[in-house]
Structure formats: structure tokens, C-alpha cells
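Below is one structure; the comments refer to it alone.
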Amino acid sequence: MQEELVPAAEGAAYTLVDTEEAIEGLIRKLEASRGFAVDTETTSLDTFEAELAGISFAIEPMEAFFVYFGKPGLDAERTIERLKPLLESGAHPKTGQNLKYDMLVLKRYGIDLSPVAFDTMLASYVIDPEGKHNLDDLASKHLKCRTTKFTELVGEGKSAIGIFDVDPKKLSDYGCQDSDVALRLKGVLGGQLDAEPDLRKVCEVLEFPLVAVLAAMEHRGISIDTAHLERTAEIVVRELAVLTAKIYAAAGESFNIDSPKQLGRILFEVLELPAKKATKTGWSTNVQILEDLAGMHPIASDILDYRSLQKLKSTYIEALPKMVNPRTGRVHTSFNQQVTATGRLSSSNPNLQNIPIRTELGKEIRRAFIPSVAGNLLLSADYSQIELRIAAELSGDPKLIEAFRNREDIHAATARVIFDTEEVTPDMRRKAKEVNFGVLYGIQPFGLSQRLGIPQREAKEIIETYMAKYPGMFGSLEAAIARAREKGYVSTLMGRRRYIPDLASSNVNVRKAAERVAMNTPIQGTAADIIKYAMCSVSRRMEEGRFRSAMLLQVHDELLFETSPDEKDALQELVERSMVEAAVECGIRNVPVEVETGTGKNWLEAH
């Protein structure tokens, strides 16, 4: 039977602070404290539009105060100015749930909320990466209490009211609940982290310091050359028209290419290509099926190209200009710390991680990202083959480590080993590259044969040769699976964990997928830890050096900065040094790490 949840506010002392006398008393309490939980209530989730309705503070569990800026209430500007020293005080560590949001809201009011001592959302994420991390779920799970939802306060849909129309006492209780629950959760989650020193280290060295770094990047944003995107859109429209004509000609009729139902009819009924599986609404026409058909009929390749162009057109070429904030003239992506199970950052609105690097169109999209100040440059710093270097470190494989120490072309070096030759052809290198990266993801002969367009027998021979020549690598990957079976989780070199319960699944496909996760997560997760460490280190050193340059974006293993010509060389040296040191600090001790940097008038030139 499910345990009964008590209301979060039950038994708590929540105070509405809406007079000069009350704010004076609260400021004295906060000054005397050794830190507090803080939460903002606002008119919007858009941090560039959000107005403060109030700020809540909790110094002790079950007690909180809500500073109210409605009418009647306190004057927002004057009161925030008085709270500013406390909100920025290093002597008063801050606790909260998703503090990045509060930081961004307060930046609008000229306040740099700091330092982040404990973020309950991120602590939950580090403890249980694939769990739920919102305040309502955390309160239910860890405190056995039910929080008041925002919709209970303002209503839903057309009947919803504005936050300033809510009764001040009700808004106060709601705001107080958020900071109080965050403080109570700190006690529970902090205790769990105390029992796991590695996880506490991940929080305190990586995740908590990163909040301020990401908030600064999001707040600053990046400039976009909208005229370039308009020209690119025209080219794409023409390319789509050519592809559409080719597809219609191959089909012998015109139809809606974007309709899976109509496309399925053309492929499997009109052209009579072999169908693999049907959905409830008709034939499946997903990417995998189209790739399988590409060798049988050119229409499949054209449809893949058509879909790729359409996606880039709608997701970036047309969407980016609409995302430019009218106040700042820049695009402000959101970086998410608590989404991926591996520890990698993700980004949304727009998702910058999915811009293809190698296609011509992907390059044109990157060309649209430019400095915000005329004469400035963009500087890109990218880890070179970081996942392969981490795999070499984890495996201790002497051949791989030696190749990296000798600064060899690692794919050519692998080709020499698996093909037993000194003369490496471009085709051999291409195959070796696919094997190098495929192995990290537990690639099987069938998968490799598909990628390389070779018979499965040949793919099997290549993998077996690789296993024989790089026994350390394969031993390490097998050991990762064995450890995960024993412990129930895998770890990065820094100690970040990912739990893999599906290793015990009776379903072979589910179990095999879990094994691939067990092999790859320590590698991907360590790469995530390294770039997060680097971001914190670079940010701190730029501040200490009083650089005017700014960190703008993080995409995969790359950091992007805006800099002036006079700071370029100093920034380049600082960034390269910090990124290499970050890898060492995160556990890469035996394999040299390299960072490739470049500058240019746009992201494409810099990269």
C-alpha cells in the first residue's frame, strides 16, 4: 500500500515579509546565518521576461520567509538592492532546487547569486542519474510529503490567473514551501552523498560550480548572422525541389513525401521493395529501413537526403532567426545538467548538439554563429579523440597508449596493426576508424558490415583481429561488464555512477543493450566529467585574469569563446592548458591529451 503523503507545509512556520520592519528582521537573521536556501517566484519561466513576485529564504528546516513584491508589499528594486550583499556573499553558501533558474532571474536585477553550495536537483541527478529530479517528486520520495503545485495556486488554461492576483498569504506559503523543502532535501541528499565520497566529489568539484558557469553562458547568448541563414534557406529550398522531382520521377507519380503512409505505399506497393515491418497506420519507413533499401533503389537514398535537409531547415535554418531574443539580439540556448544518464550536458531551444559537423549544410549553419562585437573573433577549443584516449587509459593497452604517446594518426596506427601492413590506404584507415569508435560502443560484425558496406564475414575477421592485437582494450570492456554485474553500476574515473539493472534481464536484446551501456558509459561519462572540469577551471582563470573574453557554447568535446584580437593568444594558451590539466585531474594519467584550437570570424572558420 502506498504511504500517505503529508502536506509539505504541515507543522512548518512560514512568514510573509511585506513590511519594512519585517524585512529588517529577516536581513538580520540572514546575516547571522551560516547560509540559507533561496527560491524565486516569477511571472514567467522565460528568464529574460520574468519579473520577480517574491523571494523566499529558509535558514532552518520547517521555517521560511517570503519577501513579497506585490501590492501592497515591498518595493522590488529597493528591497533587492538591500538583499544584494547577502545574495552575493561568499560567507553565506546558497542551497536551492535548480538554482541556475534563480541565478538567471536575479541577473536581470543586477545580482550574481553565489556561491552554489548545494543544488538538490543536481545532487539527486548524481545519486540517481535516471530518476526524477523535480521538487515535487523529490519531496514525495525523500521527505514523504506532498508539495503544493503551481497550478493549484494559479489555475490552468484560460481560467489561470496572474501570479500577482494570487492571495499574498497563499503565494507566501507556496514560495516558503519551495525553499524549505529544498533545505530539508539538502539534509537527506547530503547524508546520502556523505556515505558516497566519490559522488559528493562529483557534486562539489563538477556539478555545483558549473551552475554559475552555465548561467553566465546562457545569459550572454551568441549572435547569429540571420542574413546568411536566409541565403542558406534559399539554397535548401532549391535542393529540396530537385530531390522532390527525382523522388516523383522514381515513383512514377507525385505524393506527399512527408507522409509515412503515402511513402510506404510508394515503396512497398508501387515499387514493390521488400518491407520489413508494419505499424498500426501502415508500413514503417524509419531511417534504418530506408538505409537498408538504399542499396536496392536510389529513391531510398534520395528520401534520406530529403528528410535530412527538411530537418535541418526546420530545426535550425528557419528556427534560429526566430529564437533571437529581441532584448539582446542573441540566441540563448539552455544547457541541461540533469538530463543525460552519462553526465553529458545537453542543450535545448535550440539543441546545438545535433548540428551535423561533416555535412555541407551543417557547416553553413555553423557559419551563421558569429561574434557579437565587430572586430572580435570566435575561438574554438576541441579535445582530440578524447573518448579513444580515455579508452586507452582505462584499458592500459600498451599498443594504443604507445600510438598516442608517439602522436601517431591513431586510425592509421590501428590500420597498420589489424591489416599487418606499413602501407595504409585511405580505405584501410576508414575501416580502422569505424572499428576504433565502434568497439567503444560494443559493435558486432553485423553492425560493422553495415557501416563499412562489407560482407559480415570480413567484418567479423576485422573485429577478431582487433581483439587479438588489442587484448587490453577488449579485456577492459569485458571487465566493465563484469564489474557492473557485480555492483549494479559502472563508474567514471571521477566516480560518477550509472546504474544498469537491465544487465540481469531475461530478454537477450535488452541484456545486450545493457552490456553496451556498461562498456561505453565509463568512457562517455569520463569525457563528460573532463569537459565540465575544464569549463569550471577556464571560467575561474578567466575571472582571475580579468579577461573580457567570454565562454559561449559547449558542444560535445568542444568549447567556443568570443575574444578580442588583443586577448586571443593569452586566451588560447589559458584554454589549452586548462583543458589538458582537466583531463589529468579527472584521471587521464598515462595517455597524452591534445586540444585543437582555432579562431575565425564565425564558428565554422574557428573550428
Side-chain angles (χ1 to χ4, degrees), residues 232-319 351 354-365 426-427 430-431 433-435 437-438 441-463 507-510 512-513 516:
T232 306
E234 289 169 9
I235 294 166
V236 172
V237 167
R238 287 199 294 273
E239 287 181 13
L240 282 168
V242 170
L243 278 171
T244 301
K246 278 178 76 179
I247 292 165
Y248 288 171
E253 62 180 271
S254 60
F255 65 100
N256 182 357
I257 303 169
D258 299 315
S259 162
K261 191 174 180 180
Q262 291 187 36
L263 179 59
R265 184 184 71 81
I266 294 292
L267 293 176
F268 308 121
E269 293 174 26
V270 176
L271 297 176
E272 297 181 341
L273 294 171
K276 286 232 173 144
K277 57 181 180 179
T279 65
K280 287 178 184 175
T281 54
W283 303 108
S284 175
T285 60
N286 63 26
V287 171
Q288 185 60 61
I289 283 167
L290 289 171
E291 284 177 349
D292 291 346
L293 294 173
M296 303 176 202
H297 199 293
I299 194 172
S301 300
D302 289 336
I303 291 162
L304 284 167
D305 290 344
Y306 174 91
R307 281 189 181 171
S308 174
L309 279 179
Q310 279 283 38
K311 186 169 184 187
L312 290 175
K313 177 172 166 270
S314 60
T315 309
Y316 298 109
I317 297 165
E318 292 177 342
N351 176 359
N354 282 357
I355 301 173
I357 296 169
R358 290 176 186 87
T359 69
E360 283 308 309
L361 193 53
K363 289 175 181 176
E364 289 308 313
I365 293 168
D427 189 55
R430 179 180 70 89
K431 288 176 178 175
K433 184 177 181 179
E434 285 292 350
V435 178
F437 287 115
Y441 291 85
I443 199 163
Q444 298 299 307
F446 174 75
L448 187 62
S449 72
Q450 293 283 100
R451 282 202 200 172
L452 293 177
I454 58 175
Q456 207 167 317
R457 177 183 45 76
E458 189 184 337
K460 185 169 182 281
E461 284 171 10
I462 289 174
I463 290 174
N507 182 311
V508 175
N509 290 336
V510 170
K512 288 287 182 192
R516 289 194 291 274

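Remark: N354 CG to L312 CG distance equals 9.5 Å, nearest 0.5 Å. We find the CG-NE2 distance between L271 and H297 to be 4.5 Å, quoted to the nearest 0.5 Å. Here E364 contributes atom CD and I355 contributes atom CD1; the two are 12.5 Å apart, rounded to the nearest 0.5 Å. Atoms CG and CG, from L240 and D305 in turn, are 10.0 Å apart once rounded to the nearest 0.5 Å. Residue L243 holds its CG atom at 11.5 Å from OH of Y248, rounded to the nearest 0.5 Å. Between L290 atom CG and Q288 atom CD the span is 9.5 Å, to the nearest 0.5 Å.
Closest heavy-atom contact between Q262 and N256: OE1-N, 2.9 Å. Of all non-hydrogen atoms in T285 and R307, the two that sit nearest each other are O-NH1, 2.7 Å. Between A459 and S449, the shortest heavy-atom contact is CB-N, 3.7 Å. Looking at every heavy atom in both residues, S314 comes nearest to A319 through O-CB, 3.3 Å. Taking all atoms of both residues into account, the shortest heavy-atom contact from M296 to P274 is SD-CG, 3.6 Å. Summarising the geometry of L273 relative to F268, their closest heavy-atom pair is O-CD2, 3.3 Å, with the distance given to 0.1 Å.
Considering only heavy atoms from C-beta on, I303 comes within 4.5 Å of I299 through its side chain. A heavy-atom distance below 4.5 Å is found between the side chains of Y306 and D258. Q310 places none of its side-chain heavy atoms less than 4.5 Å from the side chain of I257. The closest side-chain heavy-atom distance from L267 to L293 is below 4.5 Å. Using a 4.5 Å cut-off on side-chain heavy atoms (C-beta onward), L448 and I463 make contact.
A salt bridge links R265 and E253; the closest N-O separation between the charged side-chain nitrogens and carboxylate oxygens is under 4.0 Å. Between K363 and E360, at least one side-chain nitrogen of the basic residue sits less than 4.0 Å from a carboxylate oxygen of the acidic one, meeting the salt-bridge criterion. A salt bridge is absent between E434 and R430; no separation between the charged side-chain nitrogens and carboxylate oxygens falls under 4.0 Å.
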List the steps, then state whether side chain to side chain contact (heavy atoms under 4.5 Å, CB included) holds for I247 with I266. CA-CA 10 Å; I247 292 165; I266 294 292; over 6 Å; no

Side chain to side chain contact (heavy atoms under 4.5 Å, CB included) evaluation trace for R516 with Y441: CA-CA 6 Å; R516 289 194 291 274; Y441 291 85; 5.7 Å; no

List the steps and the verdict of salt bridge (Lys or Arg N to Asp or Glu O under 4.0 Å) for K313 and E239. CA-CA 11 Å; K313 177 172 166 270; E239 287 181 13; over 6 Å; no

Could you go step by step and tell me if I317 and L361 meet the side chain to side chain contact (heavy atoms under 4.5 Å, CB included) rule? CA-CA 10 Å; I317 297 165; L361 193 53; 3.7 Å; yes

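For Y316 (side chain) and K311 (main-chain N/O), no donor-acceptor pair under 3.5 Å exists by modelled atom type. Side-chain N or O atoms of S308 include none that pairs as donor or acceptor with a backbone N or O of L304 at under 3.5 Å.
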